[in-house]
Each structure stands twice: as structure tokens, then as C-alpha cells.
Amino acid sequence: MRTVYVNGDYLPENEAKVSIFDRGFLMADGVYEVTSVLDGKLIDFDGHAVRLQRSLDELDMANPISKEDLLEVHRELVRLNGIEEGMIYLQITRGAPSDRDFAFPDPETPQTIVLFTQNKPGLADNPAAKKGMKVISIEDIRWGRRDIKTVQLLYPSMGKMMAKKAGVDDAWMVQDGFVTEGTSNNAYIVKGNKIITREASPDILKGITRTAVLRFAQEAQMEVEERNFTIEEAREADEAFITSASTFVMPVVEIDGVALGDGTPGHVAPRLREIYLDESRKAAG
Ligand code: PLP
């Protein structure tokens with residue numbers, strides 16, 4: 001049984017409760033972050049804390065916890081649950097007013113903050129990284145503020161189910177002919193020594209892993225081009241990969257049934273994964 005955190009208390013998971021009037025539950029009026037844990041330490045906590053504040057600001061939502069206290073809660077949950085490898089999920093909502101209403105509640109309404117751990121032994125050594133993953137393309141019909149990390153995840157969840165039904169691992173979403181991102185990750189293609197990924201805008205979530213990986217790529221003398229690309233271009237690329245806090249860097253070896261190169265992970269994605277894991281572990285806290 002996990003120990004979770006809810007509104008200031010550390011509780012067994014089956015005793016943690018949230019109101020049925022919570023805006024997160026009724027309106028998806030909440031934001032979240034997922035921070036990974038390696039060697040019992042947090043990967044890029046600062047990056048996640050900064051993006052959390054930005055998501056809250058964009059939604060005119062207050063931040064109920066200081067960065068220092070948030071770090072302490074993350075560390076305490078890792079300790080209490082004995083997490084060596086895994087993730088910490090954090091969610092903040094606009095709280096639970098006394099009734100359902102479209103209008104935002106009085107700003108004095110106490111907000112809801114919940115954190116829990118997900119134990120994933122072997123996360124870094126994931127065998128899927130050696131094999132690579134397969135994706136299909138689907139239309140991107142999400143709302144226009146994907147740069148805000150809201151809990152409004154119904155379409156990404158449906159996208160994962162479409163992928164599952166097609167017998168593959170994930171879906172890349174396409175808007176006006178160009179790839180936006182994966183259902184829960186950023187998408188990249190590789191041509192020669194060049195890494196191509198869509199530029200940051202309200203169309204995508206600016207991944208914390210994306211920022212770190214692009215920096216490491218440039219430091220390793222790889223060329224990075226932030227621009228739109230189509231599925232057709234992706235199918236003809238030398239390699240492709242995704243990034244996210246829970247998958248790090250993961251090669252993509254097939255898009256819509258077409259194998260990339262010889263259908264195995266190339267050189268760039270596995271190398272970036274290694275660099276990312278090494279550097280993140282060194283900087284973990
Ligand atoms: N894009 C979407 C839609 C996501 O949901 C996520 C992560 O959940 C990402 C990108 C990757 O972001 P990060 O690297 O911060 O995990």
C-alpha cells in the first residue's frame with residue numbers, strides 16, 4: 001500500500017479523499033506534472049516546478065505550495081515509499097467549491113493538491129528502448145492550449161487506445177498535415193546528423209525532457225532544427241524517437257506500418273538516451 005500526499009497530509013492511499021465537487025473531477029480544471037526518479041533521486045525537479053508555475057499562471061490559478069515545500073513533499077514520498085526507480089505524479093486543481101458552476105470559484109476556495117508515487121523498477125533499463133516502438137498517425141483534435149499541462153487527457157487516452165487497437169505502441173498526432181507530438185511525449189525525426197522537432201508553441205507541450213535532450217544534442221555537436229515535419233517526411237527519415245519524463249528517449253522504428261531504415265533503432269536515439277540518462281543521473285537531487 002502506497003503512502004500518498006493530499007492537502008498537507010501523508011496518508012495510506014485508500015484513506016486519501018477528494019470532494020465530488022472538485023473542479024479537477026467536474027471540469028478538468030487542474031494541472032499536473034510527472035517527475036521521474038532514478039537511484040532514489042529526482043530528475044530535473046526544477047524544470048518541472050518552473051513549468052508547473054507557468055501552467056498555473058496561464059490558467060489564473062494560484063499556487064498553493066512553495067517550491068521548497070513541493071521539493072520536500074517529493075523527497076518525503078520517495079523515502080516513505082522506498083522508490084528507487086519510478087515517477088511522482090503531482091496534481092493541483094482549483095479546489096472544491098460548494099456546488100458545480102462554470103464560473104471559477106472564489107479565489108479563497110482551498111485548492112486541492114495531490115501527489116503519489118509510481119514504482120517502476122527497471123525504468124532506465126527498459127528493454128523497449130533496445131527494440132524501439134511502433135506508432136500510427138491520428139488527427140490532432142485537442143484544444144488549442146496544449147502548452148499548458150492540464151489534466152484534460154481524454155483525447156490522448158483515446159489515441160493510446162487507437163494505437164493499441166492497431167497493434168502498435170503509441171500514436172503521433174497530425175494537425176494541418178504536420179506532426180504535433182505523441183499522445184504523451186514529444187516527437188522527433190533524424191536525417192543524417194540533424195534532429196528535427198516541431199518548435200515550441202501552444203500546439204505542443206514543451207517537454208522538460210525535450211529541453212534537456214536538445215541541449216545535450218547541441219553539446220554533442222549534433223544539429224537541431226525546430227520546424228514542422230509531415231508523416232511522409234518522417235517515414236523517409238533515417239530515424240525517429242520520442243522523449244518524455246517517463247520514457248526518457250525512446251526510438252521509433254515504424255510509422256503507419258512503414259519501417260524506418262532497417263526497422264531497428266539507429267545510432268542517434270540510443271546515443272541520446274545514454275547521454276540523457278548519464279547527465280540526468282549526475283544532476284539528480
Ligand atoms: N507532450 C505531451 C502531450 C505530454 O503529455 C508529455 C508528457 O506527459 C510530453 C509532451 C513530454 O513532456 P515531459 O518531457 O516534460 O515529460
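All ligand and atom numbering here is 1-based and tracks the order in the structure.
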Heavy-atom distance under 4.5 Å between the side chains of [X] and [Y], does that happen here?
X: Phe116; Y: Asn81; value: no
X: Ile113; Y: Tyr5; value: yes
X: Val135; Y: Val168; value: no
X: Thr243; Y: Phe241; value: yes
X: Leu42; Y: Leu71; value: yes

Residues Lys160 and Ser184: side-chain donor-acceptor under 3.5 angstrom =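 The criterion, which ignores hydrogens and geometry beyond distance, is satisfied for Ser184 and Lys160.
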key: Distance-only polar pair, side chains of Thr180 and Asp203, donor-acceptor under 3.5 Å   = no
Go through ligand 1 atom by atom and flag the ones less than 4.0 Å from a non-hydrogen atom of [X].
X: Ala245; value: 13 (P), 14 (O), 16 (O)
X: Gly207; value: 12 (O), 13 (P), 14 (O), 15 (O)
X: Ile208; value: 13 (P), 14 (O), 15 (O)
X: Arg51; value: 12 (O), 13 (P), 15 (O)
X: Asn186; value: 10 (C), 11 (C)

With a 4.0 Å cut-off on heavy atoms, is [X] in contact with ligand 1?
X: Thr183; result: yes
X: Arg142; result: yes
X: Glu33; result: no
X: Lys206; result: no

inquiry  = Determine whether Arg79 and Glu76 satisfy the following criterion, salt bridge (Lys or Arg N to Asp or Glu O under 4.0 Å), listing intermediate values before the conclusion.
reply    = CA-CA 5 Å; Arg79 191 185 69 78; Glu76 186 63 0; 2.7 Å; yes
key: Of Lys206, Arg51, Arg54, Arg210, the residue whose pairing with Asp147 passes salt bridge (Lys or Arg N to Asp or Glu O under 4.0 Å)   = Arg54
Do any nitrogen or oxygen atoms of [X] lie less than 3.5 angstrom from nitrogen or oxygen atoms of ligand 1?
X: Thr209; result: yes
X: Arg210; result: no
X: Leu205; result: no
X: Gly182; result: no
X: Thr243; result: no

Region of [X] engaging ligand 1 - heavy atom pairs below 4.0 Å:
X: Val34; answer: neither
X: Asn185; answer: backbone
X: Arg146; answer: neither

